[in-house]
Structures are given as C-alpha cells and as structure tokens.
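Below, read A as the first sequence line, B as the second, and so on, with proteins coming before strands; counting in each chain starts at 1. Remember, predicted model here, so these are calculated numbers, not experimental data.
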2 protein chains.
Amino acid sequence: MADKERRTRAFEEVLLQIERRIEDDGLRVGDRLPGERNLAEELQVSRSSVREALRVLETLGVVSSQAGRGPDAGAILTSRPDSALSDLLRLSLGMSSLSTREVIGTRLMIERWSAETAARRTGAAARPGSVTPIEMDALDAATRAMEAATRGMDAAESAAEFVRHDIAFHVAIAEASGNRLVAAVMRALRDAMRRHAIDAVERLGDTTALREDHRRIHAAILAGDAPAAVEAVSAHLAHAYPEHF
Amino acid sequence: MADKERRTRAFEEVLLQIERRIEDDGLRVGDRLPGERNLAEELQVSRSSVREALRVLETLGVVSSQAGRGPDAGAILTSRPDSALSDLLRLSLGMSSLSTREVIGTRLMIERWSAETAARRTGAAARPGSVTPIEMDALDAATRAMEAATRGMDAAESAAEFVRHDIAFHVAIAEASGNRLVAAVMRALRDAMRRHAIDAVERLGDTTALREDHRRIHAAILAGDAPAAVEAVSAHLAHAYPEHF
DNA sequence: CACCAGAGTATGGTCTGACCATACTGAGGC
DNA sequence: GCCTCAGTATGGTCAGACCATACTCTGGTG
C-alpha cells in the first residue's frame, strides 16, 4: 500500500467501507455492488481482504454472490446491512426461548409433510425411475438410525443417546422427501428438537412405544402408503408429547 | 487437489469440516484449533479458503483469532457452534442451487400450515383471549402488506416491488400462526422465495389474480375459516406456479 | 544459580498473480 | 434472421511470498 502502516485491520476496514458505501450510495435491495477487483483497487487493499469481507456479508445475508457475467452476476444486495444480522441470528439466539408447543408444532408440520411426500415417491417408484439414488440413500440412513435406536435402548442407555438416533431418523425421512430445502430446515432445527426430546424421553422412561412408531413410519414409507405414514408420524409425536394433543 | 473436480464449494466444505471437527474432537470453549496452514493441508484446500471459513466463524463468535505464538495464539474456540445457526447459514449460502420445485414444495408446506393455524386461532378468539396482541400485530402487518401490493402494481411497477410486498404478506401470515419457529424459518427463506417469485411474476405479467388470492387468504383467516384459508393458499401458489401443479 | 538479551520460530494478516468455472456479449458464418 | 463460437467479465480457488506479533529457547553474564 502507499502508506507505511495499516497493514493489519484491513479486513475490518473493508467491511466498514463496504457497508458505508451501501448506505451512502443509497443502494437498494437487488442492486449490484462493484466487482471484487474494483472494490480492492478502490479501497486500496488486496482482493483477498475484499473477499473475506464479502464472504462475511454473504453469511450475514447482506449480499448474495453469483459467478458469471451479466446483470445478475456479482454481489447482489439482498438485505440492508442494519437489518441483516437479524433474520438468521435472531432465530438461533431466540431458539432457547421457544416453547415446546412451538417446536412440536413445527415438527408436526415438517414431519407429516416429509413422511407423506417420501411415501408418495416410493409409491410412484414402482413405475418410472422416480426415486433417485440420493433418496434411497436417505431411506437407508433412516433404516440404520432406526436400528441403532432399537439396539441401544435396552435399559441403561441414556436418553440423550436414544434421542440422537431418533433425530437422525427423522432428519433422514425429511431427506427422503427429496426436498433439500425441507431437509435443511429440519437439520437446522436439530438442536431445538433435541432439547425438548430429551425431556420428553426422560419423562416417559420407556421408549418401547416410540421405537414401535419408528417401525410403522418406516414401513409405511417403504410401502408407499402416504396416509398411513402421516398417521404414524402424528401418533409418534402424540406418544412423545401427550400433553400437547 | 488429489481429485479431478470439486474446485468450487471449497469454502462451504471447509466450514462444515471445521464444525464437524469441533464436534468430533470434543473441543471445549477455550481450546485451540489447528493452525490455518495445518487445516488447509488436512482438508486439502488452500489457506485462503480456510481463512474465509475461519473469518466467518469469527464474526459468528464461534472462534477468536489471535496472532503470535503460544497457547493463546491461533483460533480459540469461544463458543460452541450452535449447529442450528450454522446449518441455517449453510442453507442460505447454498440456496441458489435449489430448484423451483423444492422452494414451492416448502412454501406449500409452511404456508398452508400457517394459514390454517392462524385461522384456527382467530376462530377460537371469539371466546377466550386466545389471540395475543403479537398475532394481531401480525395480522395488521399482513393487511398493510396486502394493501401496499395492491396499490402499487398498476402497470409500470416492477415485479421486484410487487414481490417484496407479496413476501411481506406471506411472512406476516406465518407470524400470525403464533409459532415463532415457523415464522423464523419463513423469514430465513425470504431470499430463496424472492428469486423464484420474481421469475414467476415476470412470466405471468399480470398480478390481478395474485392480488385477489391475497384478499381471499386474508379474509379467510380473519373469518376463522381454516379450510378456506388452506384452499386459498393452495390456489394462490397454483396461480403463481401453474407448471408445478 | 538467577537473570536477561537476542535469535529462532509458529502463528495470524496481508498481498500478488495466476488459473479455473461460469455465463453473458457480440462478431461472424450460414 | 438465426445459430455458433470466440471473447470477456465475474466470482472461486490456489500457491507462494512477506510482514507483524509474540512466545520459546539459547547462551552469556552477574
């Protein structure tokens, strides 16, 4: 750089400058930021520093980068910097204050849909090659998770251990739906689920009914019986959280 | 790299691997992560990619980097990675590769449930004080967003503008369900929705039917008619994405 | 032995320049 | 007019270098 100092803190400076620039230029959601190379020259830092700053802004949901050329390439402003942190962070920070009702409600929504969709897909797989290898993998994973949960929980095993396999099973079913977005959401909710599930299992004491539910869900999906799958999922959550039904 | 491909997505992969490593190695707050150079070699990526991942973890408060040497230098774990957060993060990063089918499927799942639940709650509000002020606020917000979308889209307004209000409307309904988790997920999906919604609106050209759908959804929820609300939501998405129904 | 100064070194921070993958642009040929 | 294909701008990644920092170790000195 031209000056003698300021070799460190370049990244921080860049982050600040980019945000100020968004503010000053009055950029609106959807607008395009200058390219990485231009920004680097403009701010008198290396492209590496610019990239680190942009990557951070990307994970914060402020910009969204896309390679290629044309009006949709480059870093697109997807949210104002001030409100940026919120969406993702608010969720994770506030996660601990969620009520069991909210978590169960969400699980019901996602898992009934997942089981239904997964069953429909396996059902349709009889004719065309409808179920891709990926989803077969997910079903295999579900089988394994189910067996792991069954094998372990004889008596002494901890509730936490059972819940781990339990959650793996339910995530696998979401993956078997063939919708990566739903699966990702389900994975994102793992921690919230775990907290409440451990409580529930400890209160129940016995997991026999829950394991039996797993088998019914699994069987219904493999058989392509969507209504039975939905019913089995509902019953499962009702067994685990009877006070909410 | 040893392999032929996988030149892209290195950063995402690294983020995942580092988090898994923290998990698997049972690192505790205060422990030290391997150096950037070691991580790079271990994960078979360049130091740049490792740095981007670490920088992200740093801004998320998971690690804290310090130059120099000794036990306090390097990347120190300052907080367990809330896997919920990072999964959601990865979700927003990888969102661009999602198909319209996946986004629509997810929207159908969330929005039908939200509308149904919101309607049930307003319906039940006749007797006890069931609908909290928060949810009334959400309904008001939905009303405003709906009106904004109606007012604007005379002719010349951009599809992007309409979609902004459209999404605000749908998020408000998720909030009206009274389940903060579902609402948070819906907010997190805004970006993914926006991309596909803009395409759809531009293809349609006319938003009359969509605005009429909004009114029906809104009215059904206010009337506490859950089946009608679900039906209206389904119809709305079918109008916007006829090719997926 | 106790202490301190200086060389050695490991680490993060930054820079440079290169190549790849992607996706639009536009000139040329049919 | 339409299509093909080279050109080019962009983000993504890589490799290697140097700097700044701060600990560690060595060796001399009292």
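A/V45 is not listed as a side-chain neighbour of A/F11, based on a closest heavy-atom distance of 4.5 Å or more.
Mapped onto DNA chain D by nearest heavy atom, B/R37 and B/E52 fall at different nucleotides, with B/E52 at the one closer to the 5' end.
In terms of the side-chain hydrogen bond (donor to acceptor under 3.5 Å, both in side chains) criterion, B/E231 has no residue partners (sequence neighbours excluded). Partners of B/A240 according to the side chain to side chain contact (heavy atoms under 4.5 Å, CB included) rule, which considers only residues two or more places apart in sequence or in another chain, are B/L210. In this structure, the side-chain hydrogen bond (donor to acceptor under 3.5 Å, both in side chains) partners of B/D25, at least two apart in sequence or on a different chain, are B/R21. Evaluation of the side-chain hydrogen bond (donor to acceptor under 3.5 Å, both in side chains) rule for B/E212 yields B/R215 as partners, not counting sequence neighbours. Residues satisfying the side chain to side chain contact (heavy atoms under 4.5 Å, CB included) test with A/S114, not counting sequence neighbours, are A/I110, A/I173, A/A174, A/S177, A/V182. In this structure, the side chain to side chain contact (heavy atoms under 4.5 Å, CB included) partners of B/R32, at least two apart in sequence or on a different chain, are B/I76. Scored by the ring-ring contact (aromatic ring centres under 6.0 Å, His included) test, A/F169 finds A/H214 as partners (sequence neighbours excluded). Partners of B/E58 according to the side-chain hydrogen bond (donor to acceptor under 3.5 Å, both in side chains) rule, which considers only residues two or more places apart in sequence or in another chain, do not exist here.
Counting to the nearest Å, the P atom of D/dG11 and the CD atom of A/E58 are 11 Å from each other. Taking atom CG of residue B/N38 and atom P of nucleotide C/dT9, one finds them 17 Å apart after rounding to whole Å. Separating the CG atom of A/L43 from the C1' atom of C/dC15 is a distance of 15 Å, rounded to the nearest angstrom. For the pair A/E36 CD and C/dA18 P, the interatomic distance rounds to 18 Å; values are reported in whole Å. Separating the CD atom of A/E41 from the C1' atom of D/dT10 is a distance of 16 Å, rounded to the nearest angstrom. For the pair A/L39 CG and D/dT10 C1', the interatomic distance rounds to 13 Å; values are reported in whole Å. Distance A/L33 CG to D/dT10 P: 13 Å, rounded to the nearest Å. When rounded to the nearest whole Å, the span between CZ of B/R32 and C1' of C/dG12 equals 11 Å.
Heavy atoms of B/S48 sit under 4.0 angstrom from at least one base atom.
Each end of the helix from C/dC1-D/dG30 to C/dC30-D/dG1 gets its own axis, taken as the rotation carrying the C1' atoms of four end pairs onto the next four within a five-pair window, and the two axes meet at 10° to the nearest 10 degrees.
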Donor-acceptor pairs under 3.5 angstrom involving side-chain atoms of residues 61-70 of chain B: please list them, not counting sequence neighbours.
none

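Distance from the side chain of B/S65 is smallest to C/dG12 among C/dC15, D/dC14, C/dG12.
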Report the C-alpha separation of A/N179 and A/W113 in whole Å, then their side-chain angles, then the decisive distance to 0.1 Å, and conclude whether the side-chain contact (heavy atoms from CB on, under 4.5 Å) test is met. CA-CA 11 Å; A/N179 188 317; A/W113 184 91; 3.9 Å; yes
With 3.5 Å as the limit, what N/O pairs link the protein to nucleotides 4-6 of chain C?
none

At a cut-off of 3.5 Å, list every protein nitrogen or oxygen paired with a nitrogen or oxygen from nucleotides 22-25 of chain D, distance to 0.1 Å.
{"from": "D/dC23", "atom 1": "O4'", "to": "B/R69", "atom 2": "O", "distance (Å)": "3.3"}

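No side-chain donor-acceptor contact under 3.5 Å links B/E175 to the backbone of B/A183.
For C/dT14, neither phosphate oxygen OP1 nor OP2 lies less than 4.0 angstrom from any side-chain nitrogen or oxygen of A/R51.
Counting distance only, with no hydrogens placed and no angle test, the side-chain atoms of A/R47 and the base atoms of D/dG12 include a donor-acceptor pair under 3.5 Å.
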